[in-house]
Amino acid sequence: CKLDGTDEKIHLKSTYGGQFTVSPDENWIAFIDLWEVYIAAFPQTGRTVDIGSGTKDFPVKIVSKDAGINLHWSGDSKQLHYTLGPQYYTINLEERFDFIANKPDSLFKVPENGIDVGLEITADKPNGWIAFTNARIITMKGNEIIENGTVLVEDNLIRAVGKNIAIPPGAKRIDCSGKTILPGFIDAHGHCGHFRTGLFPQKHYPYYANLAFGVTTMHDPSANTETVFGQSELLKAGLMVGPRIFSTGTIIYGADGDFKAVINSIDDARSALRRTKAFGAWSVKSYNQPRREQRQMIIQAARELGMEVVPEGGSTFFLNLSMILDGHTTIEHNLPVAPLYNDVIQLWKNSTTAYTPTLIVNYAGMSGEYYWYQHTNVWENEKLLHFVPRSDLDTRSRHREMIPEEEYEMGYITTSKSAKKLQDVGVVVNMGAHGQRDGMGAHWEIWMMQQGGMSNHEALQTATINPAKSLGLDKWIGSIEAGKLADIIVMDKNPLENIRNTESIRYTMVNGRLYDAAQLNEIGNYNKPRTKFYWELNKNASGLSWHDQTEEEGQGCSCGKH
């Protein structure tokens, strides 16, 4: 023990508690324990004290209905403040502890609502007309294909699709002769680096990479709640560039951990879902809740709150089957048994549950991701190199594993064949690239659907209209139709002739803003060149490209090797 008091002292420890916040007078401690907010008298015993929601040795009181974050005290230590979504809450200590104001704390009621913060920001919407002319248009409206057609966009909406479309004077015309237009890709299971905390990057490079590869909408079924919804709103406001982002936020986790959601009653389930809905979630990830009635409680609460439930079976076949029987919105990740036989096919056919197999991270067999690292030189992909730092790309792609071809056939390709069987009987099958390789993974997933027997058109449906339907977004996105949001990709080559042609994207339009896919400069009715990423600004950073490094090393050298 240092006599000057500068040695570190651990006052409190907790199994599930966190975000400990000491009052200015050092008499009180606020903390979060399994999402709920608590206030306790600060026990200064000279020894480390174990504290949590069940502590009985000194006063500990709950002060939230469902959850709270951003704990902070008033300057006089008489009030604790916290937030949940757009609501700001204030707790008066004298109302919560009877020994402060000599009145029974049984009179205290946990506040149902706080003060509405009331922050409103105008949603981004570009201005002007853009006409894509002379194109092959794969509308995803059934099997419709329009040759030499026009897609007319006003601001952020598709206004007309077809032949002989009247184009307003002054509209920006883009000649798409020989090119193919599709709706923007929808990644139904796309983790996009949302597990961070703290500061947001101004340019989140996974967003740029996904947009460059045609992904205009992503649904992230497991993310940090504060980060993912914060960035989603920045994207809506036009303060960041990227796909539109939807998410479950933090998962409703049944296994042990300081972020688990204890679901032992329908009220527990309602509270857990209200917590994520407060931030903007309309879907919830039910993950590893061990008992079936717990998972059913989550479904019931979701139906009451108008939310979807996208569960994960944790590579457990019978757990997946019970999820289908109970009416979950989707099954995330593949069933770990393949091939699927008629009993499972017929069961699934008669449900309304969709399927996002994520072949890229296949269970019970070799994952598809390995196939593409083995068969393509990913580190040489020029488009990826514009949006992903070398330190990220090279470490995964250059040191690749080489696997016998039959391992892939017995692995993800067998799973893909089962997905084809399900799609044939009417089950909605979705593309979900899991964030494995920014943007490029979406194409791999589409190609792997085709490897399992889907036609090129069916494989494209898994990335467009199918996820739009299963996520309840098909009123706005998923097909090229008048009245829908202008999420559009333009390819130089026809993917119906060769599914690998999906990679030939020339332009990406998201919410009416048009970008050249090679560099992500905004074009159309605007001229906004993309600014540099951090690794482009700092040539000494780990993101220095091999090309740049070779040029620098070769300066002034006459050996003929550089």
Next on the checklist: To check you understand the geometry: which heavy-atom pair defines the closest contact between I360 and A433, and what is its length?
Outcome noted: CG2-O, 3.4 Å

Checklist entry - Does W129 offer a backbone N or O that forms a donor-acceptor pair with the side chain of N525 under 3.5 Å? => result yes

Next on the checklist: Taking atom NZ as the centre, does K172 end up with more than 12 heavy-atom neighbours from other residues, nucleotides or ligands that are less than 6.0 angstrom away?
Outcome noted: no

Checklist entry - Regarding Y207 and Q231, is there a side-chain donor-to-acceptor distance under 3.5 Å anywhere? => result yes

Next on the checklist: Between H434 and W444, is the ring centroid distance below 6.0 Å?
Outcome noted: no

Checklist outcome for this item: Heavy atoms of P339 and T414 approach each other most closely as N-CG2, 3.8 Å

Checklist entry - Looking only at heavy atoms, which two atoms of L393 and S397 are closest? And how far apart? => result O-OG, 2.8 Å

Next on the checklist: Under a 3.5 Å cutoff, is there a donor and acceptor pairing between the side chains of N456 and E497?
Outcome noted: no

Next on the checklist: Could you check whether N430 and T356, counting side-chain N and O atoms only, form a donor-acceptor pair closer than 3.5 Å?
Outcome noted: yes

Checklist entry - Passes side-chain contact (heavy atoms from CB on, under 4.5 Å), L520 versus L211? Steps please. => result CA-CA 8 Å; L520 258 287; L211 204 58; 3.6 Å; yes

Next on the checklist: Suppose we screen for salt bridge (charged side-chain N to carboxylate O under 4.0 Å, His left out). Which residues come up paired with D326, at least two apart in sequence or across chains?
Outcome noted: R292

Item to check | Any donor-acceptor N or O pair under 3.5 Å, side chains S247, H219 | outcome: no

Checklist entry - Are more than 12 heavy atoms from other residues, nucleotides or ligands located less than 6.0 Å from atom CD of Q202? => result no

Checklist entry - Would you call Y370 and Y408 a side-chain contact if the rule is heavy atoms closer than 4.5 Å? => result yes

Item to check | Residues E409 and K417 bridged, charged N to O under 4.0 Å | outcome: yes

Checklist entry - Given T250 and T276, is the side-chain contact (heavy atoms from CB on, under 4.5 Å) satisfied, shown in steps? => result CA-CA 7 Å; T250 303; T276 58; 5.6 Å; no

Item to check | H194-N224 side chain donor-acceptor pair, cut-off 3.5 Å | outcome: no

Next on the checklist: Taking the six-membered ring of F132 as reference, does the cationic atom of R506 (NZ for Lys, CZ for Arg) lie under 6.0 Å from its centre and within 45° of its axis?
Outcome noted: no

Checklist entry - Going by atom types only, do N148 and N134 share a side-chain donor-acceptor pair under 3.5 Å? => result no

Checklist entry - Does I146 reach the side chain of K163, with side-chain heavy atoms less than 4.5 Å apart? => result yes

Item to check | Worked verdict on Y373 versus R437 for side-chain contact (heavy atoms from CB on, under 4.5 Å) | outcome: CA-CA 10 Å; Y373 281 120; R437 182 73 279 153; 3.3 Å; yes

Next on the checklist: Any donor-acceptor pair under 3.5 Å linking the side-chain atoms of Y412 with those of Q451?
Outcome noted: yes

Next on the checklist: Below 30° counts as parallel, above 60° as perpendicular, anything between as tilted: where do the rings of H191 and H189 land?
Outcome noted: perpendicular

Item to check | Flag for K203-T531: side-chain donor and acceptor within less than 3.5 Å | outcome: yes

Checklist entry - Taking the six-membered ring of W447, is NZ or CZ of R500 closer than 6.0 Å to its centre and within 45° of its axis? => result yes

Item to check | Close side-chain approach of I324 and I331, heavy atoms under 4.5 Å | outcome: yes

Item to check | K285: which of E332, E308, E312 passes salt bridge (Lys or Arg N to Asp or Glu O under 4.0 Å) | outcome: E312

Checklist entry - Is E481 paired with K475 through a side-chain N to carboxylate O contact shorter than 4.0 Å? => result no

Checklist entry - Looking at N362 and G411, what are the two nearest heavy atoms and their distance? => result ND2-C, 3.6 Å

Next on the checklist: Parallel, tilted or perpendicular, judged at 30° and 60°: which one describes the rings of W348 and Y355?
Outcome noted: tilted

Checklist entry - Would the Y208 and F533 ring centres measure less than 6.0 Å apart? => result yes

Next on the checklist: Please identify which of these residues, F229, W282, F279, meets the ring pair (Phe, Tyr, Trp, His ring centres under 6.0 Å) condition with F246.
Outcome noted: W282

Item to check | Check: Q374 and E401 side chains under 4.5 Å, non-hydrogen atoms | outcome: no

Checklist entry - So, do I499 and L460 sit near enough that their side-chain heavy atoms are less than 4.5 Å apart? => result yes

Next on the checklist: Just so I know, are the side chains of E405 and Y371 near enough to count as touching, which here means a heavy-atom distance under 4.5 Å?
Outcome noted: yes

Checklist entry - Run the salt bridge (Lys or Arg N to Asp or Glu O under 4.0 Å) check on K469 and D474 step by step: do they pass? => result CA-CA 5 Å; K469 287 179 177 177; D474 53 313; over 6 Å; no

Checklist outcome for this item: D438 and L384 have their tightest heavy-atom pair at O-CD2, 3.5 Å

Checklist entry - Taking it one step at a time, do L496 and I138 satisfy side-chain contact (heavy atoms from CB on, under 4.5 Å)? => result CA-CA 9 Å; L496 297 178; I138 306 175; 3.6 Å; yes

Next on the checklist: Would you say Y205 and D392 are linked by a side-chain donor-acceptor pair, where the criterion is simply a distance under 3.5 Å?
Outcome noted: yes

Next on the checklist: So that I know where these two stand, are Y253 and F259 an aromatic pair - ring centroids less than 6.0 Å apart?
Outcome noted: yes

Checklist entry - Does some side-chain heavy atom of I403 sit less than 4.5 Å from a side-chain heavy atom of M366? => result yes

Checklist entry - Is there a donor-acceptor contact under 3.5 Å linking the side chains of H443 and T502? => result yes

Next on the checklist: Does F195 have more than 12 heavy atoms from other residues, nucleotides or ligands lying within 6.0 Å of its CZ?
Outcome noted: yes

Next on the checklist: Under a 3.5 Å threshold, yes or no: a donor from one side chain and an acceptor from the other, between N156 and N511?
Outcome noted: yes

Next on the checklist: What I want to check is whether the side chains of T180 and R136 have a donor and an acceptor closer together than 3.5 Å.
Outcome noted: yes

Item to check | Distance-minimising heavy-atom pair for G432 and D187 | outcome: CA-OD1, 3.3 Å

Next on the checklist: Just by distance, no angles: are the side chains of N288 and R295 close enough, under 3.5 Å, to form a donor-acceptor pair?
Outcome noted: no

Checklist entry - What residues form a side chain to side chain contact (heavy atoms under 4.5 Å, CB included) with D124, not counting sequence neighbours? => result R513

Next on the checklist: R396 vs E369, test: salt bridge (Lys or Arg N to Asp or Glu O under 4.0 Å). Steps then yes/no.
Outcome noted: CA-CA 11 Å; R396 179 63 185 89; E369 177 184 19; 3.5 Å; yes

Checklist entry - Can S283 and T248 be counted as having a side-chain donor-acceptor contact under 3.5 angstrom? => result no

Checklist entry - In terms of side-chain heavy atoms, does Q519 have a donor or acceptor partner in R530 at a distance below 3.5 Å? => result yes

Next on the checklist: Would you say that more than 12 heavy atoms from the other residues, nucleotides or ligands in this model lie under 6.0 Å from the CG of N164, or not?
Outcome noted: no

Item to check | Minimum side-chain heavy-atom gap S479-K484 below 4.5 Å | outcome: yes

